[in-house]
S.K.: 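The following block contains the structure, expressed as C-alpha cells.
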There are 2 protein chains.
Amino acid sequence: MALDEIDKKILRLLQENAHYTLKDIANKINLSLTPVHDRVKRLEKEGVIEKYVSILNKKKLGNNLTVYCQVTLTKQTYDTSEGFNQSILNMPEVVECNYVSGNFDYMLKIIIPDMESYHHFHQKKLSVLPEVSLINTVFVISEVKSTTVLPI
Amino acid sequence: MALDEIDKKILRLLQENAHYTLKDIANKINLSLTPVHDRVKRLEKEGVIEKYVSILNKKKLGNNLTVYCQVTLTKQTYDTSEGFNQSILNMPEVVECNYVSGNFDYMLKIIIPDMESYHHFHQKKLSVLPEVSLINTVFVISEVKSTTVLPI
DNA sequence: ATCCAAAAAGAATAATTTTCTGTAAAAATA
DNA sequence: TATTTTTACAGAAAATTATTCTTTTTGGAT
C-alpha cells in the first residue's frame with residue numbers, strides 16, 4: 001500500500017503516457033523488466049492505477065463549447081440529491097459533477113458542440129429535472145490548463 | 001479528417017480503455033487487424049487521439065480534497081492574464097484552469113491532500129500572485145461524476 | 001464490363017508482455 | 001550468531017501483440 005520512490009517514478013511516467021512500454025520505463029528508471037512489470041501489476045491490483053484511457057481532442061470531435069453549471073436543488077434532502085445524481089450519470093455531455101459547499105449545491109462541467117446544443121441541454125435536459133431549482137451558467141472563454149496528471 | 005462510424009466505434013472503445021488490443025477492437029467491431037491498426041494510427045496522426053494516459057486514484061495518492069477557486073484578477077489586460085496563466089501552468093495541484101465569463105475571471109480546479117495544504121496553497125501560492133485580486137473558494141463535498149470520456 | 005483506388009484480409013516479422021527460474025540482499029526467527 | 005523466510009531484482013523462454021508486407025475484395029467512375 002505504501003508507495004516508495006520507484007513506484008512514484010513509475011506512476012509519474014504512466015500518468016504522462018500510458019503507452020510507455022515496460023522496457024521504456026525500465027530504461028528510464030534503471031531497472032530490469034521484472035520489477036517494473038511486478039510493480040505495475042501491483043499498482044493496478046491495489047487500485048492506485050484505476051484505468052488506462054485515451055484522451056481525445058474535444059474540438060476535432062466538434063465539441064467547441066465548455067461551460068460550468070452551478071445548480072441549486074429544490075430541496076437539500078438525500079432523495080432529491082440521489083435522483084439528481086442518477087440523472088446526471090446518464091448525461092454524456094456532463095463530464096464532471098460535484099456536490100459542493102456555498103451558494104449553490106452542484107458544480108457541473110459540460111462539454112458540448114455549440115451554444116445551440118447548450119441551449120437545448122439547458123432547457124430540455126437539465127432545467128426539466130424535478131430536483132433542479134436554479135441554474136447559473138459560467139461560460140469558458142479560453143482553456144488555460146486541463147490535465148489528468150495528479151501531483152505525486 | 002471526417003470520422004465515419006467505424007472510426008467512432010474505435011474511439012468509443014479507446015476512450016473507455018486504452019489497453020484494448022487491436023485484436024480486442026477488431027473482434028468488437030468485426031474487422032481484421034489491418035484496418036483497425038491503420039485507422040488508429042490515422043486518428044493518432046490527425047490528433048483526434050491526443051494521448052494515452054493512466055488515471056490514478058486521487059485518494060490512494062493522499063489527495064483527499066478537491067476545490068474550485070473562482071479567481072478575479074486585478075486588471076483584465078492581456079499581460080495580466082498571461083502572467084497569471086504562466087504561474088498556473090507551473091502549479092501541479094491546479095488540474096484545470098479556464099478563463100470564464102461572469103462575476104469572476106478564472107475557474108480553477110485544485111486537487112490537494114487536505115485543508116491544511118489548501119490553506120498553504122491559497123495563502124502562499126495563489127493569493128500572492130501579483131495578478132490576483134480576489135479568490136472565492138468552493139469546496140467539493142462529494143464527487144458524483146468525473147470522466148475523460150467525451151460524447152461521440 | 002473494365003479499370004482504378006480505397007479498404008480490408010492474411011501472413012510473416014518484430015516488439016512487447018508474461019511467465020518461469022534463479023540469485024542476492026534484507027528481514028524475521030530460532 | 002546461525003538459519004530460515006521473505007522480498008526485490010535479473011535473465012531467459014514462452015506467449016501475446018503490434019507492425020509491416022503482400023494479396024484480395026469492394027465500390028465507384030468510366
Side-chain angles (χ1 to χ4, degrees), chain A residues 1-63 113 147-152, chain B residues 1-63 113 147-152:
Chain A
M1 189 69 205
L3 304 173
D4 64 14
E5 255 320 303
I6 298 176
D7 290 331
K8 290 180 185 176
K9 281 182 187 173
I10 292 173
L11 291 173
R12 282 189 206 105
L13 290 168
L14 283 178
Q15 276 201 114
E16 269 180 38
N17 183 354
H19 271 13
Y20 278 142
T21 65
L22 295 178
K23 204 173 156 190
D24 291 337
I25 297 172
N27 288 339
K28 282 174 196 288
I29 67 177
N30 291 315
L31 273 177
S32 68
L33 288 181
T34 314
V36 175
H37 177 265
D38 291 352
R39 281 167 183 269
V40 170
K41 290 300 149 195
R42 199 194 72 229
L43 292 166
E44 289 173 358
K45 210 178 94 207
E46 284 176 353
V48 180
I49 300 174
E50 278 186 359
K51 54 188 170 180
Y52 302 98
V53 304
S54 310
I55 303 298
L56 307 187
N57 186 301
K58 280 198 281 291
K59 296 197 175 168
K60 302 217 171 174
L61 294 174
N63 292 124
T147 182
T148 53
V149 173
L150 301 176
I152 299 181
Chain B
M1 188 70 205
L3 305 172
D4 65 14
E5 255 320 304
I6 298 177
D7 290 330
K8 290 179 185 175
K9 281 183 187 171
I10 292 174
L11 291 172
R12 282 190 205 103
L13 291 167
L14 283 178
Q15 276 201 114
E16 268 181 39
N17 183 354
H19 271 13
Y20 279 142
T21 64
L22 295 177
K23 202 174 158 192
D24 291 336
I25 298 172
N27 287 339
K28 283 174 196 284
I29 67 177
N30 292 314
L31 273 176
S32 67
L33 288 181
T34 315
V36 174
H37 177 265
D38 291 353
R39 280 166 184 270
V40 170
K41 290 301 149 194
R42 199 194 73 230
L43 292 166
E44 288 173 358
K45 212 178 90 204
E46 284 176 352
V48 179
I49 300 174
E50 277 186 0
K51 54 188 171 181
Y52 302 98
V53 303
S54 310
I55 302 298
L56 307 187
N57 186 302
K58 279 197 281 289
K59 295 196 176 166
K60 302 216 171 176
L61 294 175
N63 292 125
T147 182
T148 54
V149 174
L150 302 176
I152 299 181

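Lettering of chains follows the sequences in order, A, B, ..., and the numbering in each one begins at 1. Please read all numbers here as calculations on a predicted model, not as lab measurements. Excluded from the calculations below are hydrogen atoms, water molecules and symmetry mates; all remaining heavy atoms, backbone and side chain alike, are included.
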S.K.: Of B/Lys41, B/Arg42, B/Arg12, which is the lone residue that meets salt bridge (Lys or Arg N to Asp or Glu O under 4.0 Å) with B/Asp7?
M.R.: B/Arg42
S.K.: Looking only at atom types and distance, does a side-chain atom of B/Gln15 sit under 3.5 Å from a main-chain N or O of A/Leu56, one as donor and one as acceptor?
M.R.: no
S.K.: On DNA chain C, check which nucleotide each of B/Asn30 and A/His19 is closest to and give me the residue with the more 5' one.
M.R.: B/Asn30
S.K.: Taking only side-chain nitrogens and oxygens of A/Arg39, does any of them come within less than 4.0 Å of OP1 or OP2 of D/dA8?
M.R.: no
S.K.: Indicate yes or no for a side-chain donor-acceptor contact from A/Asp38 to the backbone of A/Pro35 under 3.5 Å, with no hydrogens or angles considered.
M.R.: no
S.K.: Between B/Lys28 (side chain) and B/Leu13 (backbone), is there a donor-acceptor pair under 3.5 Å?
M.R.: no
S.K.: D/dA18 phosphate, OP1 or OP2: any side-chain N/O from B/His37 under 4.0 angstrom?
M.R.: no
S.K.: Looking at the side chain of B/Thr34, which of D/dC21, D/dC9, D/dT19 is the nearest nucleotide?
M.R.: D/dC21
S.K.: Kindly determine whether B/Leu61 and B/Asn57 satisfy side-chain contact (heavy atoms from CB on, under 4.5 Å), including the steps that lead there.
M.R.: CA-CA 6 Å; B/Leu61 294 175; B/Asn57 186 302; over 6 Å; no
S.K.: Rounded off to whole Å, could you give me the OH-to-P distance for the A/Tyr52 and D/dT17 pair?
M.R.: 15 Å
S.K.: Hey, what bend do you get for the helix from C/dA1-D/dT30 to C/dA30-D/dT1 if you fit axes on five pairs at each end, rounded to 10°?
M.R.: 30°
S.K.: With side-chain contact (heavy atoms from CB on, under 4.5 Å) as the test, would you mind laying out the steps for B/Val149 and A/Val53 before giving the verdict?
M.R.: CA-CA 9 Å; B/Val149 174; A/Val53 304; over 6 Å; no
S.K.: Where does the chain A footprint on DNA chain C start and end, counting 5' to 3' with a 4.0 Å heavy-atom cut-off?
M.R.: C/dT16 to C/dT19
